[in-house]
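Note that these values count all heavy atoms, side chains included, but never hydrogens, waters or copies made by symmetry.
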Amino acid sequence: MTFAGARRHFARRERWLLAAVLLLAVVAHGTALLGEFVFDDIHSIAANWALQDPAHWWRWLSDPTAFSPSGAMYRPAVLLSLGLSFAIDSAPWIFKLGNVLLHALVAGLAFGWLRELGLLQRSAFAAAALFAVHPLVSEAVNLVSARSELLLFVGLLVALRAHRRAETGGRLPMALASVLGGTALACGSKETAVVLPALMLAQTVFLHRGSLRELRWRRALATVLPALALVLVYLLLRKVLLGEATVTLSGRGGGDPLSGSGRSLATQLFTMGLLLPQALLQMVVPVGLSLDPAVTFRSSCDALVAVGWGSVLLLAALALGAGRGRPLAGARRTGLALAAAVALPWIVIPLNVPLAEHRLYGPLLGLLAIVAPWLPRPGRRPLAFTGLLFVGVVLSNARALDYRDEVELWRQELAQHDTWRGHWGLGAAHIRRQEFAAAVPPLGEAWCRNPNHATLLRNYAEALTATP
C-alpha cells in the first residue's frame, strides 16, 4: 500500500471510529426519551413562562432570572437552546432528545480532542466510547436542567481542540474563530468556563516536549489571550447583571450546613474530603447512583477527612508525575488539568447540593484521558472492551428508565438514601399530581429535618391547606 493509500485508510478508519462513538452515545441513553420533567426541570423549564414564548428572546440574553426564577444565573446559551426546544414542542422527549444529541456531540469532540493530545486511534476511541456509555453521565442527560453541563463541554472541547491545532501548525484565523466561538458558548452555558484560558495554557505546557524556552509562546498565546479577553468580558457582564463577577466566599456564617450560604468554607472542604473519594470510586465502579447522594457534613479534620484528602492528592500527584518525559505523559497531565479545573469550583464553593452526579461529567472525561493507554481496546482485548460497552449501555438505559415516573424515582432514592431532599422531592412530586394527602407525610418529614428551607415550607403549607 502506498503512503497516500495508507493515509486515506487511516483517515477512513478514524471517521468510522468517530461514527461508532456517536452511535454508542445515542444507543446508551436512548431510553431517556421516555422520561418526564423532574426536580429542577419543573421550575427551570416546564413552569418557566419566560422560555415558552420566542418573543422573550431578549430576556434569554439579558435577564439572569430567566433560567431559574428562584435564583439568578446568567446562562444565555442554555436559555437559547431551551427556547428553541420549546419552539419545536413542549413535550419532555423533545428536550431529552436534545440532551442525548448534545452528549453524543461531546463524546465525538472528546474523541477528536484525545487524538489531538497524541493518543493512538484505538486508545482515544476506547476512552471516548466508555465516556459515551458510562452510567455516571446519565444525570446530565436525563435532567434537562443539566443541559448547561453538556453545552459547557461542547464549548470547552471546541476551544481546546482549536487551540491545539493552532499550536501544531493549523491555520490561525480558523483556529482563532473556533476558540472564540467555543469560549462564548462555554461562558454562556456555565460559570465554570472561566477556567478555559488556564486549561489552554496547561495544555500548551504539558504537551510541549522540549524546554519552556523553546516553546513558541507567540503562537500559543495568539489564541489564549483572545479567549482570556472574552472571559473578562463575561465576568464584567456578570458584575453588571448579578452585582458580582465571581462568588464571594467570605461572610458565610457556617450555622446551617444544609444551605450553601450557611456553610463555612472549612466545613465545605472537610466535607469534600469524604465526598471526593466516593466520586472517584463511582467513576470506576458506577454503582449506587443517586439523584440525591447522602452527605455527612464535617466541621473538623478528623481521620476520615485526612485519609480522603490524602488519597485524592496522592492519586493526583501520581497522575502528574508518573512517566515524566514519555510521549503520553503530556496527555495524562492534560487530562488531570481538565478534571481538576472543572471540579475546583464546586469543591471550593459551598453549594446547596454539595455533590451532584452531573458535575462529575467533566472530571470523568479527564479521568478517562489519564487512564486511556491502559484501557481495554478493540485490537488488544476485544472481549473485555465489548463487555464494558455492553454493561455501560445496559446500565445507562436502565438508569434512564427511572426518570419515567417522578414519584417512583424519589421512592427509589429514599430506599437508597434517606435524605430530607428525597422526602421533599417525593412530596413535591405528589403535589404536582394533585395528590395532596399523599404529599403531607414526606413533606412533614423533610420539614422536620430542614425547617429553614423556604420552598419546602411553602410546599408543606400548600399540601396541608389542600388536604381535608
Side-chain angles (χ1 to χ4, degrees), residues 57-58 60-62 64 67 73-84 98 101-117 147-208 215-242 245-246 334 337-338 341-342 344-345 361-362 365-366:
W57 64 268
W58 55 272
W60 304 345
L61 299 177
S62 59
F67 178 70
M73 289 184 288
Y74 185 53
R75 297 178 177 180
V78 179
L79 293 174
L80 284 171
S81 170
L82 295 173
L84 289 174
L101 296 178
L102 281 172
H103 171 58
L105 177 58
V106 173
L109 289 170
F111 172 66
W113 176 64
L114 293 170
R115 292 286 293 124
E116 295 288 345
L117 297 186
R147 183 175 293 188
S148 55
E149 206 75 33
L150 305 175
L151 287 171
L152 167 69
F153 278 91
V154 171
L156 290 181
L157 291 174
V158 165
L160 288 171
R161 288 185 65 187
H163 170 64
R164 180 59 183 162
R165 288 186 176 181
E167 288 184 311
T168 54
R171 296 177 59 186
L172 191 57
M174 185 177 297
L176 181 59
S178 296
V179 166
L180 291 177
T183 305
L185 176 60
C187 289
S189 302
K190 196 168 184 179
E191 301 77 6
T192 311
V194 298
V195 305
L196 178 57
L199 269 176
M200 295 166 69
L201 278 177
Q203 182 173 258
T204 295
V205 172
F206 289 151
L207 295 179
H208 181 64
L215 202 154
R216 300 170 63 185
W217 285 106
R218 180 175 297 180
R219 192 168 184 88
L221 295 176
T223 51
V224 174
L225 293 180
L228 177 61
L230 198 54
V231 166
L232 293 176
V233 170
Y234 164 72
L235 291 175
L236 179 61
L237 278 173
R238 282 180 54 86
K239 178 67 175 178
V240 172
L241 296 173
L242 298 173
T246 58
T334 304
L338 176 70
V342 298
L344 187 62
Y361 192 77
L365 177 58

Is there a side-chain contact between W113 and T334, using heavy atoms and a 4.5 Å cut-off? yes
Identified side-chain contact (heavy atoms from CB on, under 4.5 Å) partner of L235 from the options L230, T246, V240: T246
For L338 and F153, what are the C-alpha separation, side-chain angles and deciding distance, and is it a side chain to side chain contact (heavy atoms under 4.5 Å, CB included)? CA-CA 11 Å; L338 176 70; F153 278 91; 4.2 Å; yes
Any salt bridge between E149 and K190, counting N to O under 4.0 Å? yes
Test E116 against every option in H163, R161, Q203, R165 by the side-chain hydrogen bond (donor to acceptor under 3.5 Å, both in side chains) rule and name the one that passes. R165
Kindly indicate, with the supporting measurements, whether the criterion side chain to side chain contact (heavy atoms under 4.5 Å, CB included) is fulfilled by V154 and L109. CA-CA 7 Å; V154 171; L109 289 170; 4.0 Å; yes
Atom CH2 in W57, atom CG in L79: separation rounded to 0.5 Å? 13.5 Å
Can you measure from CG (L160) to CG (L156) and round to the nearest 0.5 angstrom? 6.0 Å
Could you check whether any side-chain heavy atom of L82 comes within less than 4.5 Å of a side-chain heavy atom of V78, counting everything from C-beta outward? yes
Does L228 form a side chain to side chain contact (heavy atoms under 4.5 Å, CB included) with L196? I'd like the steps, not just the answer. CA-CA 8 Å; L228 177 61; L196 178 57; over 6 Å; no
Has the side chain of Y74 got a donor or acceptor atom that lies under 3.5 Å from a matching backbone atom of L61? yes
Got a second to check how far L241's CG is from M73's CE, nearest 0.5 Å? 14.0 Å
If you define the side chain from C-beta out and look only at heavy atoms, does anything of T183 sit under 4.5 Å from V231? yes
Once rounded to the nearest 0.5 Å, what's the spacing between atom CZ of R75 and atom CG of L151? 10.5 Å
Do P226 and L176 have side-chain heavy atoms sitting under 4.5 Å apart? yes
Check: L365 and L157 side chains under 4.5 Å, non-hydrogen atoms: yes
Check: W217 and V224 side chains under 4.5 Å, non-hydrogen atoms: no
Check the pair Y361 / V106 against side chain to side chain contact (heavy atoms under 4.5 Å, CB included), numbers first and verdict last. CA-CA 10 Å; Y361 192 77; V106 173; 3.4 Å; yes
Please confirm whether the backbone N or O of W58 pairs with a side-chain atom of S62, one donor and one acceptor, at under 3.5 Å? yes
Find the distance between CG (L232) and CG (L237) and round it off to the nearest 0.5 Å. 11.5 Å
As an exercise, state the distance from CG of L102 to OG of S81, rounded to the nearest 0.5 Å. 6.0 Å
